There are 2 protein chains.
Amino acid sequence: MGITKTDSFTEQQNELATLLKAMAHPARIAIIEFLLKKDKCICGDIVDELPLAQATISQHLKELKNANLIKGTIEGTAICYCLNQEVFSALNDKIQLITNQLIIKNSTKCC
Amino acid sequence: MGITKTDSFTEQQNELATLLKAMAHPARIAIIEFLLKKDKCICGDIVDELPLAQATISQHLKELKNANLIKGTIEGTAICYCLNQEVFSALNDKIQLITNQLIIKNSTKCC
DNA sequence: TTTATATATTGCAATATTACGATTAATAAC
DNA sequence: GTTATTAATCGTAATATTGCAATATATAAA
């Protein structure tokens, strides 16, 4: 139904899925990579960098912000965005946990 | 438009986004965790485990298979699924790359 | 061959996402 | 005050996703 049966899954499963979904768009990957490349924080430069309308970029930034993947601070009329290291670290830990378990269990490989 | 401007982004950005999207659903996280938990490969047990209809599980498995996150081998009438360690490792590397860069650059933190 | 079992596919209905133009809000410069 | 500048929000169209019942397919067992 385009609607997800959130109740049927654990909070952790829903949280991880939400975090992954927030990253699961090439424009948002591009924004993340752009923020990573720049030493200093960026605001409307993203609009110049990517071939998307300002409204669209703003929407993508909102989703990244909702997922806590980025932080934004107001600087005059501009807004300074940067990546939230803690959330990326947490995601990294989760993916690593799965991957490590997989590598260990691979000795008893099946398929 | 619900359609993504794929041409506007690099192949790597699109690939990573596609991989993340394949994981970005609690049911698919649950399937991954279930396959991880079991020593031996699982087939229709997933249908018994999760509160979703058989058709829905089959669809989720298809998406995971398309993304190469799982492999399936036919065993009589059943199909034996297991996680694809290589793809998880590759994803882990990408996330780790971003996270490590972030940790290094955090000294010049901004926001 | 018939029957049972296991999984995939089809065809919806409900909802979500993506993208953008137009507008709004909020601050800075004058 | 007026005028730029910057970013968020609204409204809308096009498309994608989720979920399931019903059906199809394919093999095994009888």
Side-chain angles (χ1 to χ4, degrees), chain A residues 1-9 13-14 17-31 34-35 40-67 70-82 111, chain B residues 1-9 13-14 17-31 34-35 40-67 70-82 111:
Chain A
M1 308 179 184
I3 197 166
T4 299
K5 292 178 86 179
T6 309
D7 319 338
S8 302
F9 306 102
Q13 287 167 340
N14 285 316
T18 302
L19 190 61
L20 291 170
K21 192 151 84 177
M23 291 183 70
H25 192 284
R28 296 197 287 272
I29 297 287
I31 290 172
F34 186 65
L35 285 173
K40 296 184 181 179
C41 278
I42 299 306
C43 30
D45 300 341
I46 301 167
V47 176
D48 298 334
E49 186 74 5
L50 301 184
L52 294 172
Q54 182 266 322
T56 308
I57 298 283
S58 190
Q59 235 174 221
H60 283 306
L61 286 171
K62 192 180 175 185
E63 280 186 66
L64 289 171
K65 211 162 35 172
N66 282 344
I70 61 172
K71 289 185 265 189
T73 45
I74 299 167
E75 283 192 359
T77 62
I79 290 183
C80 172
Y81 284 109
C82 65
C111 301
Chain B
M1 308 180 183
I3 196 164
T4 298
K5 293 177 88 179
T6 309
D7 318 339
S8 302
F9 305 102
Q13 287 167 339
N14 285 316
T18 302
L19 190 61
L20 292 170
K21 192 150 85 177
M23 292 181 69
H25 191 285
R28 295 196 288 271
I29 296 288
I31 290 173
F34 186 65
L35 285 174
K40 297 184 181 180
C41 276
I42 298 308
C43 31
D45 302 340
I46 300 167
V47 177
D48 298 333
E49 187 75 6
L50 300 184
L52 295 171
Q54 181 267 321
T56 308
I57 300 283
S58 189
Q59 235 175 222
H60 283 305
L61 286 172
K62 191 179 175 185
E63 280 186 66
L64 290 171
K65 211 162 35 174
N66 282 343
I70 62 173
K71 289 185 266 188
T73 46
I74 298 166
E75 283 192 358
T77 64
I79 291 182
C80 172
Y81 284 110
C82 66
C111 299

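Only a predicted model underlies this, so the values are computations on that prediction, with no experimental measurement involved. Per chain, numbering begins at 1; letters A, B, ... match sequence-line order.
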With side-chain contact (heavy atoms from CB on, under 4.5 Å) as the test, would you mind laying out the steps for B:Thr18 and B:Asn66 before giving the verdict?
CA-CA 10 Å; B:Thr18 302; B:Asn66 282 343; over 6 Å; no
Quick check on C:dA8: is either OP1 or OP2 less than 4.0 Å from any side-chain nitrogen or oxygen of B:Tyr81?
yes
Pairs meeting criterion side-chain hydrogen bond (donor to acceptor under 3.5 Å, both in side chains) with involvement of residues 49-59 of chain B, two or more places apart
none
Round to a whole Å and report the spacing from NE2 of B:His25 to P of D:dT17.
11 Å
What is the separation between atom CD1 on A:Ile46 and atom C1' on D:dA8, rounded to the nearest whole Å?
14 Å
How many whole angstroms separate atom CD1 of B:Ile42 from atom C1' of C:dA6?
14 Å
What protein N or O atoms touch nucleotides 25-30 of chain C N or O atoms at under 3.5 angstrom, if any, and at what distances?
none

Over how many whole Å does the gap from A:Leu52 atom CG to D:dA7 atom P extend?
15 Å
Between CG of A:Leu20 and P of C:dT17 the distance, given in whole Å, is 14 Å
Atom CG of B:Leu50 and atom C1' of D:dC20: how far apart are they, to the nearest Å?
15 Å
Nearest heavy-atom pair of A:Tyr81 and A:Leu35: which atoms, and what distance?
O-CD2, 3.5 Å
Between CE of B:Met23 and P of D:dT17 the distance, given in whole Å, is 17 Å
Pick the closest DNA chain D nucleotide for A:Gly44 and for A:Thr6 by heavy atoms, then say which residue is nearer the 5' end.
A:Gly44
Closest non-hydrogen atom pair, B:Ala27 against B:Leu52:
CB-CD1, 3.7 Å
Counting only non-hydrogen atoms, which of residues 54-62 of chain A are less than 4.0 Å from DNA chain C?
A:Ala55, A:Thr56, A:Gln59, A:His60
Taking the side chain of A:Ile79 as its heavy atoms from C-beta onward, which of D:dC20, C:dA19, D:dA8 lies nearest to it?
D:dA8
Rounded to whole Å, the CD-P distance (A:Glu63 to C:dT17) equals 7 Å
Roughly how far, to the nearest 0.5 Å, is CD1 of B:Ile29 from CZ of A:Phe9?
10.5 Å
Look up atom CG in B:Leu20 and atom NE2 in A:His25, then write down how far apart they are to the nearest 0.5 Å.
12.5 Å
Side chain to side chain contact (heavy atoms under 4.5 Å, CB included) partners for B:Ser8, two or more places apart
A:Pro51, B:Lys5
Here the salt bridge (charged side-chain N to carboxylate O under 4.0 Å, His left out) pairs for residues 19-29 of chain A, sequence neighbours left out, are A:Arg28-A:Glu63
Sorted by chain and residue number, the side chain to side chain contact (heavy atoms under 4.5 Å, CB included) partners of A:Thr6 (sequence neighbours excluded) come out as A:Thr4, A:Asn14
Among the nucleotides C:dC20, D:dA21, C:dT7, whichever has the atom closest to the side chain of B:Cys43 is C:dT7
Report yes if at least one side-chain N or O of B:Lys21 is closer than 4.0 Å to OP1 or OP2 of D:dT17; otherwise report no.
yes
